[in-house]
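Protein chains get the first letters and strands the later ones, always in sequence-line order, with residue 1 at the start of each. This structure is a prediction, so every number in the text was calculated from the model and none was measured.
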Amino acid sequence: MAKGAYNPAEIEARWQDRWASDDLYRAVDFDESRPKWYALVMFPYTSGDLHVGHWFAYVGPDVHARYKRMRGNNVLFPFGFDAFGLPAENAAIKDGIQPAEFTRANMERMMVQLRTLGAAFDFSRKVDTSDPGYYRWTQWLFIQLFNKGLAYRAEAPVNWCPKDQTVLANEQVIDGRCDRCGTLVIKKELEQWFFKITDYADELLNFDGLDWPQPVVTQQTNWIGRSEGCEVDFTALTTDGGQEKMGIFTTRPDTLFGVTFMVLAPEHPLVEKVTTKEQRTEVEAYVEQARNETEIERQSTEHEKTGVFTGGYAVNPLNDERVPIWVADYVLMTYGTGAIMAVPAHDERDFEFAKKFGLPIRQVISPTGQPTELEEAYTGEGVLINSGRFDGLTTPQPALAEVCNYVRAQGWGEPSIAYRLRDWLISRQRYWGAPIPIVYCGEHGAVPVPDEQLPVLLPETDDFKPQGESPLAAVKEYVETTCPVCGKPARRDTDTMDTFVDSSWYYLRYTSPNEETAAFDRLAVDFWMPVDQYMGGVEHAILHLLYSRFFVKALRDCGLLSINEPFVRLRNQGMIVYGSGKMSKSKGNVMAPDQMVKSHGADSVRLYMLFIAPWSDGGMWTESGIDGTRRFLNGVHYLVTSTYPKDATAAIGTPEERELVRLTHQTIRACTQDIEAFEFNTYVSSLMKLRNALQDVHATELARSVEYRRAIDALLQLMAPAAPHLAEELWSATGHEYSVHQQPWPQHDESLAAVDEFELVVQVNGKVRDRLMIPVGTDEDHVRHTVLSRPRVSDLLDGKSPRKIIYVPGKVFSIVV
RNA sequence: GCGGGAGUGGCGAAAUCGGUAACCGCGAUGGUCUCAAACACCAUUGGGUGCAAGCCCUUGAGGGUUCGAGUCCCUCCUCCCGCACCA
C-alpha cells in the first residue's frame, strides 16, 4: 500500500480527468430500468467568476445528486448559463468588449472552476441562453404564446429606469428603485409586450402536490394577492349633464352606507368627464404631477396623502346620496377598477384623507351597536348602524353576504375578485437579449416571424449605449425587413425579451439540449419532467419560480407539455454573506474559492462548505475552519493508507468490535437521513465521528479485524458524495473496483445499530442526581429496585418514600418526593 | 403596518416524542516532538464554587403547563428576510 502524505492537488487532477473521459455523470435518456431523478440547480448569470456563494449553493445539491446516483437512480444533473442580460452589456459599454465575447470567456472560466471543484454535473447537456440554437426556441415559444393569445402588445404606464434606459418588470423594482443599478424608477407610457400571466392567477395559487418551503408558497400567494369582494356601480354625474357608470371594487360592501366621497386614480378616464371648469386647472396640474412621480414617492406610506377635488359628484346606489369625487394618487389605476368608494370611518387610508381635507366621516359599524367616538378608522368586527335595512346585522358575517346579495339582486353590481398580480411585461430596450420575433407591417400589423426564418439573429454592432430605445433600432439592416404576409417593406420590433423569459424554460431544454427541430424533444421532456428536486436561492421566490410555473401551464395549454408544474420539490439554500452583505460582483465583496482549493484541495473546501453552516441557513463567510476538514481528510488518508487490513477475514468478537460495528451502522443511518433532509453539516459531523472512532482503535488488535475493514469501506462510500476525489483514490488504493461513485449506497442494519445498554439518568425532584448503565430490555421492577438501592439515591430520599415515579426506558428515571 | 424566519459557549453550531444542553469542528491554554517555528499528536476548555466527592447557575427577557421545557402555551424585546396606500 502506498504510504505518504495526502496530496490533494495530484489526486484531484488525476480523477477529474478520468471521470471526464469516462463520462461518469452522463444521464441516460429513456432508461426505464432505474427510477429517473431530475436534480436541478438554478443556473447562474455569466457575470464573472463563481464565488463562494455560488459554490455553497452548488455543493449541497452535488452531494445530494451523487447520493441519489448511489441509491440507484438514473440522475440528470445538468448545468448551464443564464447568459443574456445586463452584466454583459454593461461590460460592453464600460470596457468595449463584445457581450458575446464577455459571456463566452466567463462561461469557460466558470466551467473550469466547477471542474476543479469536482462537480458531478453532466456538462454534455450545457445550455447557454445566448446561443442562437437556444434563443431561436425562446423566440419560437414567444410566437406560440402569441398565437394562443397569451402574448399581447399594449400601451401601458411602465416602470422606466432612467439610468439603464429600459423598462422594468414590477418584480424588478425594489423599493421604487431599479434592482440592477438602484436608480429611482419613473413611470412612462409605452407600447410594450406582455405575457398574460393573470389568466393563470387562480391556478398559480394552487400548490397541491408540491413540496415547497412554506415561505416561498406564502410569498407567491401574497404576490398574486387574491381578494374577494364586490364590484359596485356608482353613477358619476358628468359635467355635460349626463350620467356614467363608475364601477368600484370593494372587499367591504358592508360599509357601503359609510361612503362619504369617491376617489379616482389620476390616470382614470372618468377624471376628465367629471372635472368641472373651476377645478380643471388644479386637477390637470395634479394629474401631471402624479405622472412624473417616481414609484418610491408615489408608493411610500410615509408620503402624506395628497389629492384634489374634481368638482364632480357620484351617486351611491344604496342610499341615493350624492358624494364628491376626488382624484388622489393613493388610488392605483392598475388595481381593481382604478376607482374607490371612500369609507373613512372604516378604512385607515380614507380616514387619513378625510381628516386632511375635512371630509365627513360616518360610522356604520360599531363594536357595541351604539355610535362611538372614532379616533381612528375602526376596521374590526361589530354591528351595522346607519345602514338602513341592514342595521343590526353583525359583520363580517352575515353582513358581507347580505349586502353583496342585495347589490346583485338590484343589478348594481356583482361579486368579484381582484388580484395584485399584473401581466408580465417582457419588452426590454436593451441589446443583449433574445430579439422579439415580430414584424410590423402597415397593412397586417404585428406579424410573427415564420418558423423557417428563426432565429432572428442579434445584429452585430459596436454601439450598445441605450438612447431611450433599443440599440437594435440603430441598426438599419436589422430594422428594415419585409412583411412575412405580403412581402411589402416592414419594420422589426427592436426590443429584446426579459432574461426571465430565457430562464422560464431552460429546464425543459436540458432534456434534449441539442434538439434542432424543436424547443425540446417531447419524448425526452415526458421522460425527465417534472424536475424532482430544484435547488436555489429564495431571492427567486416570486420572479423566476412564478414565471416558470406560468410557462409550464401556458405551454401545456399550447399542447406542448403534459405536466402542470415544473418543480415538484424545492429547497432553498441560505445566503453566504461577507463584509457588506450578500456577495455580488457589483458590491466588490466577492470571495473566490480558487485559492483555498489550491492550498487545501477541492475535497477540503467542499467539506468545509458543507460543514460550516446548515445549507438552508447560510451564514457569514470565514476561512477560519478550513483546517478542520483538512485535518479530517489527512486523518482518513493516514488511516486507510497505513492501517487498512486488506486481508482480514475474521471477526475477533470483542466488545470493542461490537461497538465499532454499531457505530458503523449508526453512521450509515445518520448520513442517509441527513443527506435526504439537506442537513449536510451533521452529515459531515457523522463522518468525523466514525473517523475519530477508527483513529482511537487503529493501533489495537481490532484494526486487524474484518469489521475494522468494513468500517473503513463504509466510511469511504459514505464520504464519496462529499469528498469524491479522496474517496475514489482510497477506494482504489484498497483494491476495490472502480468507481466508488458507482457503488450502491451502504445499507444499515437496524439490529446492528441498536444499543444493548444505555445510560439511565436518575432525576430526583426534576434534577439529575445519578446515572447508571442499564441493559436494554431490563424489566421495570428490576430497574426500579436497582435505582432505589443506589446509595446516592437513598441518601437523597433520606428515608422518605417516593410520591411518584416515572420511568422512560432508554431515557430517564424520575422520582418525585 | 402586514406576512415569514431566527435568537444556545470566545466563534460556526448540535440536540427523534417534551427526557443527560452544548455532539462535531474552529479558536484558546498546557504538554510531547523540534536548535526554533510550523505541522502532527496528547490533555483541558459554558460560568461560578470547592482540596475533593459534589453543589449552584446557564439556551434573548419575564410568566405558565409538567415529575421534567432550548423544545409546548402566554406577554415582551432584538435581529434578518419578503410585501408595503392593493380599496
Side-chain angles (χ1 to χ4, degrees), chain A residues 5 174-176 213-223 225-227 229 248-252 255 263 265 298-305 328-332 334-343 346-350 352-353 418-422 538-539 541-542 574-575 577 581 607-608 611-614 616-629 631-632 634-635 638 673 679 681-689 691-692 695 758-771 792 802-817:
Chain A
I174 311 294
D175 293 333
Q214 193 52 44
V216 176
V217 171
T218 306
Q219 275 187 62
Q220 290 205 357
T221 304
N222 292 344
W223 185 261
R226 184 182 201 269
S227 295
I248 58 98
F249 173 77
T250 180
T251 54
R252 296 295 306 273
T255 64
V263 187
R298 177 151 176 187
Q299 301 247 321
S300 165
T301 33
E302 275 97 78
H303 172 50
E304 207 183 318
K305 295 266 180 303
D329 64 2
Y330 80 92
V331 174
L332 308 173
T334 44
Y335 184 78
T337 62
I340 63 157
M341 63 179 210
V343 184
H346 306 293
D347 181 281
E348 282 163 25
R349 297 149 301 176
D350 299 346
E352 190 193 332
F353 195 83
Y419 299 91
R420 278 176 39 110
L421 184 71
R422 323 270 166 83
V538 254
E539 65 272 20
I542 34 189
M575 198 192 290
V577 294
L607 276 171
Y608 178 56
F611 188 57
I612 186 173
S616 56
D617 289 0
M620 188 67 102
W621 176 249
T622 149
E623 295 190 9
S624 67
I626 181 77
D627 289 336
T629 51
R631 276 175 206 141
F632 165 72
N634 280 344
Y638 166 78
Q673 285 169 357
E679 284 162 7
N681 54 334
T682 48
Y683 154 58
V684 174
S685 157
S686 295
L687 295 175
M688 287 173 165
K689 275 187 242 181
R691 176 258 158 181
N692 290 348
Q695 177 70 31
F758 64 90
E759 189 181 51
L760 182 68
V761 171
V762 179
Q763 294 185 347
V764 178
N765 287 334
K767 292 206 180 293
V768 178
R769 288 295 130 122
D770 200 5
R771 296 142 204 261
R792 255 194 74 63
R803 209 178 58 197
K804 192 173 176 186
I805 283 174
I806 294 127
Y807 172 55
V808 183
K811 295 274 163 69
V812 75
F813 190 95
S814 186
I815 305 167
V816 189
V817 192

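Of the candidate nucleotides B/G19, B/C67, B/C83, B/C67 has the atom lying nearest to any side-chain atom of A/K804. Here the side chain of A/R769 is nearest to one of B/A87, B/C56, B/G19, namely B/C56. Of the candidate nucleotides B/G3, B/C55, B/C85, B/C85 has the atom lying nearest to any side-chain atom of A/Y330. When distances are taken from the side chain of A/T251 to each of B/A87, B/C23, B/A84, the shortest belongs to B/A87. Among B/A13, B/G68, B/C57, the nucleotide with an atom closest to any side-chain atom of A/Q763 is B/G68. Side-chain proximity of A/D627 to B/A13, B/G27, B/A84: nearest is B/G27. Residue A/R420 has its side chain nearest to B/C83 when only B/C56, B/G4, B/C83 are considered. For A/R691, counting side-chain heavy atoms from C-beta on, the closest listed nucleotide (B/G19, B/G82, B/C41) is B/C41. The side chain of A/K811 sits closest to B/C17 out of B/C17, B/C85, B/G4. The A/P614 side chain lies nearest to B/A14 when the options are B/C24, B/A14, B/C56.
Nucleotides B/A22 and B/G12 place their C1' atoms 13 Å apart, quoted to the nearest Å. A gap of 24 Å separates the C1' atoms of B/A61 and B/C11, to the nearest Å.
Between A/N681 and B/A14, a side-chain N or O to OP1/OP2 separation shorter than 4.0 Å is present. Distances shorter than 4.0 Å separate some side-chain N or O of A/N692 from OP1 or OP2 on B/G25. Look at A/R631 and you won't find any side-chain N or O under 4.0 angstrom from OP1 or OP2 of B/C24. Note on A/R803: every side-chain N or O is 4.0 Å or more away from OP1 and OP2 of B/C67. Within the 4.0 Å cut-off from OP1 or OP2 of B/C24, not a single side-chain nitrogen or oxygen of A/K689 is found. Using a 4.0 Å cut-off, some side-chain N or O of A/S227 falls inside it from OP1 or OP2 of B/A87.
At whole-Å resolution of the value, CG in A/N765 and P in B/C67 are 11 Å apart.
With both pairing distances under 3.5 Å, B/C24 is matched to B/G12 as a Watson-Crick or G-U wobble pair. Base-pair partner of B/U65: not found among the strands shown (Watson-Crick or G-U wobble, both distances under 3.5 Å). Across every strand in view, B/C76 sits in a pair with B/G60 that passes the Watson-Crick or G-U test at under 3.5 angstrom. Under the Watson-Crick or G-U wobble criterion, with both distances below 3.5 Å, B/G82 is paired with B/C2. Pairing for B/U32 goes to B/A40, judged as Watson-Crick or G-U wobble with the two contacts each under 3.5 Å.
Both cation-pi conditions hold for A/K305 and A/Y330: the charged atom is under 6.0 angstrom from the six-membered ring centre and inside a 45 degree cone around its axis.
For the pair A/V761 and A/S814, both in contact range of RNA chain B, the more 5′-proximal nearest nucleotide belongs to A/V761.
Judged by distance alone, the side chain of A/D350 and the main-chain N or O of A/V343 form a donor-acceptor pair under 3.5 Å.
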